[in-house]
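Since this is a predicted model, take the numbers as computed values, not measurements.
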Amino acid sequence: IVFFAYWGTKYADKMKYMKYSFVPGMAIFGTTAILLILEPHFSCTVIVFLLVLVMLFISGMDTKYFIMLGIIVGVGVLVLWATGLLGYAMDRMDGWGKALEYTTSEMWQTTWQTRNSLYAIGSGGLTGLGLGQSRQKYLYLPEPQNDFVFAIVCEELGLVGALIVLVLFGLLVWRGITMSRKASDTFGKLLGIGLTAQVGLQVILNIFVITDWLPNTGISLPFFSYGGSSILTTFISMGVALSVLKRKDHI
């Protein structure tokens, strides 16, 4: 995000040309993606890819290059699939959308976490079971404090509480983007929007995973999921985004 904010500022009037937008974008994403895939950490690769798209879009890259980018990524995924490098990710793809279906005992175990996430969301009802009264977090939903913490929020606070949390996230993203758009310099504008977009993307992807709209991946929910490094980097990102306020002419 910081790199593309700098790059988009330095070459603001040239981002419509391939060598100033598409080429450096692919170079940065490609080198990062290789390391993440070798780890492997496919969910982080997806987030980085989406952030690259966001940063290139707000920097002014021509639309036709996004189509080229989509084709390249599609070919890359096919190569990974054909060579078997997707590994465990393909197992999760096989269980996508089948959390409540019993096909085989092996698939039943594969979808265990997603299925119990849906049970937690459903048992919360309209107003929830009460704060701290979740049942699914006791041995049923594995590691409920991590990526699937929002399912417990839904169970304890219900639909009403879940919607309040989502509205707060929506206000955070809206405020971050509107604040950044008023920055007095291009760098602050791109940096603020990029950091805010990262939080928004993580929230959307995390909610889609726990509701089985996306395959099970390791995407944390900002400010909620357990983890010292995660919460620390999120706070740092929001602190940097807030610093954009000091570089704008008016609110």
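- Considering CG of Leu191 and OG1 of Thr186, their distance stands at 12.0 Å, rounded to 0.5 Å.
- Across Gly188 and Ser180, no two heavy atoms sit closer than the pair O-CB, 4.4 Å.
- Hydrophobic clustering (side-chain heavy atoms under 4.5 Å, transitive across Ile, Leu, Val, Met, Phe, Trp, Tyr) groups Trp7 together with Phe66.
- Residue Phe3 places its CZ atom among more than 12 non-hydrogen atoms of other residues, nucleotides or ligands, all under 6.0 Å distant.
- Note on ring orientation: taking the six-membered ring where Trp is involved, the planes of Tyr65 and Phe22 are tilted (angle from 30° to 60°).
- We find the OH-OH distance between Tyr11 and Tyr6 to be 6.5 Å, quoted to the nearest 0.5 Å.
- Contact of the Leu168 side chain with the Phe223 side chain is not registered, since no non-hydrogen atoms from C-beta on lie closer than 4.5 Å.
- One distance of note links CG of Asn206 with OG1 of Thr211; it measures 9.0 Å at 0.5 Å rounding.
- Taking each heavy atom of Val209 and Pro215 in turn, the nearest pair found is CG2-O, 3.5 Å.
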- Message: side chain to side chain contact (heavy atoms under 4.5 Å, CB included), that's the test. Do Phe148 and Asn216 meet it? Break it down for me.
- Response: CA-CA 10 Å; Phe148 281 74; Asn216 191 345; 3.6 Å; yes

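- Criterion: ILVMFWY side-chain heavy atoms under 4.5 Å apart, direct or through other members. Under it, Leu126 and Ile164 are part of a common hydrophobic cluster.
- Contact check for Ile207 versus Leu166: side-chain heavy atoms found under the 4.5 Å cut-off.
- For the residue pair Ser21 and Met61, the shortest heavy atom distance occurs at OG-CG, 3.3 Å.
- Separation of atoms CG (Leu69) and CE (Met26) is listed at 4.0 Å; rounding is to 0.5 Å.
- Heavy atoms only, all atoms of each residue included: Met15 and Leu56 are closest at CE-CD2, 4.2 Å.
- Considering only heavy atoms from C-beta on, Thr32 stays 4.5 Å or farther from Phe29 through its side chain.
- Using a cut-off of 4.0 Å between Lys/Arg side-chain N and Asp/Glu carboxylate O, Glu155 and Lys137 are scored as not salt-bridged.
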- Could you walk me through whether Thr63 and Phe57 pass side chain to side chain contact (heavy atoms under 4.5 Å, CB included), step by step? CA-CA 8 Å; Thr63 307; Phe57 176 77; over 6 Å; no

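- With a 6.0 Å radius and a threshold of 12 heavy atoms from other residues, nucleotides or ligands, Leu139 has its CG atom at or below the threshold.
- Summarising the geometry, atom CG belonging to Leu159 is positioned 10.5 Å from atom CD1 belonging to Ile121; distances are rounded to the nearest 0.5 Å.
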- Thr234 vs Gln202, side chain to side chain contact (heavy atoms under 4.5 Å, CB included): CA-CA, chis, key distance, verdict: CA-CA 11 Å; Thr234 302; Gln202 282 192 237; 5.6 Å; no

- Query: Taking it one step at a time, do Val173 and Val203 satisfy side chain to side chain contact (heavy atoms under 4.5 Å, CB included)?
  - Reply: CA-CA 10 Å; Val173 173; Val203 171; over 6 Å; no

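- Annotation: side chain of Glu39 is not in contact with side chain of Leu35 (no heavy-atom distance under 4.5 Å).
- Under the 4.5 Å side-chain contact rule for hydrophobic residues, Val46 and Leu51 share a cluster.
- The distance from the NZ atom of Lys189 to the OG1 atom of Thr9 is 10.0 Å, given to the nearest 0.5 Å.
- Here the closest non-hydrogen pair linking Thr45 and Leu36 is OG1-CB, 3.3 Å.
- Hydrophobic clustering keeps Val160 apart from Val165 (ILVMFWY residues linked when any side-chain heavy atoms are closer than 4.5 Å, directly or through intermediates).
- Of the possible donor and acceptor atoms, one in the side chain of Trp112 sits under 3.5 Å from a partner among the backbone N and O of Tyr140.
- Closest non-hydrogen pair, Ile219 versus Leu205, comes out as CD1-CB, 3.6 Å.
- With hydrogens and angles disregarded, a donor-acceptor distance shorter than 3.5 Å links the side chain of Ser243 to the backbone of Val240.
- Screening Ile210, Asp147, Thr111 for a side chain to side chain contact (heavy atoms under 4.5 Å, CB included) with Ser117, the sole residue that qualifies is Ile210.
- When side chains are defined from C-beta on, Leu221 counts as touching Phe169, because their heavy atoms get closer than 4.5 Å.
- Residues Cys154 and Phe150 are in side-chain contact: their nearest non-hydrogen atoms beyond the backbone lie under 4.5 Å apart.
- Hydrophobic clustering (side-chain heavy atoms under 4.5 Å, transitive across Ile, Leu, Val, Met, Phe, Trp, Tyr) keeps Trp174 apart from Val54.
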